[in-house]
Amino acid sequence: MVKKSILLFSFMAAFLAITTLPAKASSGLLAEGVFAITAEDSTKIYDVVDQMPKIKGGIKEVYKNIDYPRAAISGRVEGRVFVKFVVDENGDVKDAEVIKDIGAGCGDAALEGIKKVKFTPGQLQGKAVKVYYTLPISFKIES
């Protein structure tokens, strides 16, 4: 019983030493303003920001720029394509890629359509920044 208590106490002491060390180090970094935007942050691409980018004209603007591929129509291909891209500081789409495709040219059509759309850029601490954006685009054949 005594051995178990000593072992448990040793484990707890080691655990506390390990978990409090990074907390002390990081609290000093936070006080120095690690989260402030600096010149080197201009190349950083954010996942979440204070104000996410918005499509100018709304989602309808995206669908105006997409041509449903003929092969998809004739093959009755329907579903959702997911496109991931970066919205830069000017609201332009960069590095667009299909992360889930349904085939028959729908992925390429979605890419072409999203590249034609303009966004209001994402904002972090009042400054425009680059932001990752993932958009599902639905393909449905209207009868």
Side-chain angles (χ1 to χ4, degrees), residues 4-143:
K4 287 183 182 178
S5 297
I6 292 171
L7 183 61
L8 181 60
F9 177 75
S10 299
F11 175 75
M12 291 301 291
F15 179 76
L16 287 173
I18 291 170
T19 57
T20 57
L21 181 61
K24 290 178 184 174
S26 65
S27 65
L29 293 174
L30 291 175
E32 294 172 10
V34 166
F35 296 109
I37 296 176
T38 62
E40 67 186 74
D41 285 336
S42 65
T43 60
K44 182 167 175 54
I45 304 172
Y46 295 89
D47 291 313
V48 178
V49 291
D50 298 335
Q51 183 178 351
M52 291 297 286
K54 294 182 181 157
I55 303 167
K56 290 185 178 179
I59 193 69
K60 290 180 184 179
E61 193 64 29
V62 174
Y63 286 106
K64 284 182 194 175
N65 292 299
I66 295 176
D67 293 322
Y68 210 123
R70 290 178 191 247
I73 293 170
S74 64
R76 308 286 302 161
V77 175
E78 296 182 326
R80 287 197 300 186
V81 172
F82 288 81
V83 179
K84 182 177 181 178
F85 50 93
V86 175
V87 177
D88 71 8
E89 303 91 341
N90 300 317
D92 296 321
V93 173
K94 303 289 183 190
D95 304 324
E97 63 179 310
V98 175
I99 57 174
K100 181 184 176 277
D101 198 354
I102 56 174
C106 292
D108 292 335
L111 282 178
E112 290 303 313
I114 200 66
K115 289 177 183 177
K116 296 175 184 175
V117 176
K118 190 79 168 161
F119 285 75
T120 57
Q123 300 277 318
L124 181 64
Q125 297 176 355
K127 295 186 180 185
V129 294
K130 295 176 185 173
V131 181
Y132 284 114
Y133 201 101
T134 302
L135 187 67
I137 298 174
S138 297
F139 286 84
K140 179 154 178 60
I141 299 171
E142 298 294 325
S143 299

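Model, not experiment: these values are computed from the prediction. In this chain, residues are counted from 1 in sequence order.
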Q: Compute the centroid of each ring, for Phe139 and then for Tyr68, and state whether the two points are separated by less than 6.0 Å.
A: yes
Between [X] and [Y], is there a donor-acceptor pair closer than 3.5 Å when you use the side chain of the first and the backbone of the second?
{"X": "Lys44", "Y": "Lys130", "answer": "no"}
{"X": "Glu78", "Y": "Ile141", "answer": "yes"}
{"X": "Asp95", "Y": "Phe85", "answer": "no"}
{"X": "Asp101", "Y": "Gly107", "answer": "yes"}
{"X": "Tyr63", "Y": "Ser138", "answer": "yes"}

Does Lys84 count as lying over the ring of Phe82, i.e. NZ or CZ under 6.0 Å from the six-ring centre, within 45 degrees of the axis? no
Starting at [atom1] of [X], measure out to [atom2] of [Y] and round the result to the nearest 0.5 Å.
{"X": "Arg80", "Y": "Lys140", "atom1": "CZ", "atom2": "NZ", "answer": "13.0 Å"}
{"X": "Met52", "Y": "Tyr132", "atom1": "CE", "atom2": "OH", "answer": "12.5 Å"}
{"X": "Ile55", "Y": "Thr120", "atom1": "CD1", "atom2": "OG1", "answer": "9.5 Å"}
{"X": "Gln51", "Y": "Gln125", "atom1": "CD", "atom2": "CD", "answer": "13.5 Å"}

[X] versus [Y], closest heavy-atom pair with distance:
{"X": "Cys106", "Y": "Val77", "answer": "SG-CG1, 4.4 Å"}
{"X": "Asp47", "Y": "Val131", "answer": "O-CG1, 4.3 Å"}
{"X": "Gly79", "Y": "Ile102", "answer": "N-CD1, 3.7 Å"}
{"X": "Ala104", "Y": "Pro69", "answer": "O-CB, 3.4 Å"}
{"X": "Ile114", "Y": "Ala96", "answer": "CG2-CB, 4.3 Å"}
{"X": "Val49", "Y": "Gln123", "answer": "CB-O, 3.4 Å"}

Measure the shortest side-chain to side-chain distance between [X] and [Y] over non-hydrogen atoms and say whether it is less than 4.5 angstrom.
{"X": "Glu112", "Y": "Ile66", "result": "no"}
{"X": "Ile99", "Y": "Glu97", "result": "yes"}
{"X": "Asp88", "Y": "Phe119", "result": "no"}
{"X": "Val86", "Y": "Val93", "result": "no"}

Steps toward side-chain contact (heavy atoms from CB on, under 4.5 Å) verdict (Val81, Val98):
CA-CA 7 Å; Val81 172; Val98 175; 3.9 Å; yes
message = Ile137 vs Val83, test: side-chain contact (heavy atoms from CB on, under 4.5 Å). Steps then yes/no.
response = CA-CA 8 Å; Ile137 298 174; Val83 179; 4.1 Å; yes
Checklist line | Lys100 NZ: over 12 foreign heavy atoms closer than 6.0 Å | finding: yes
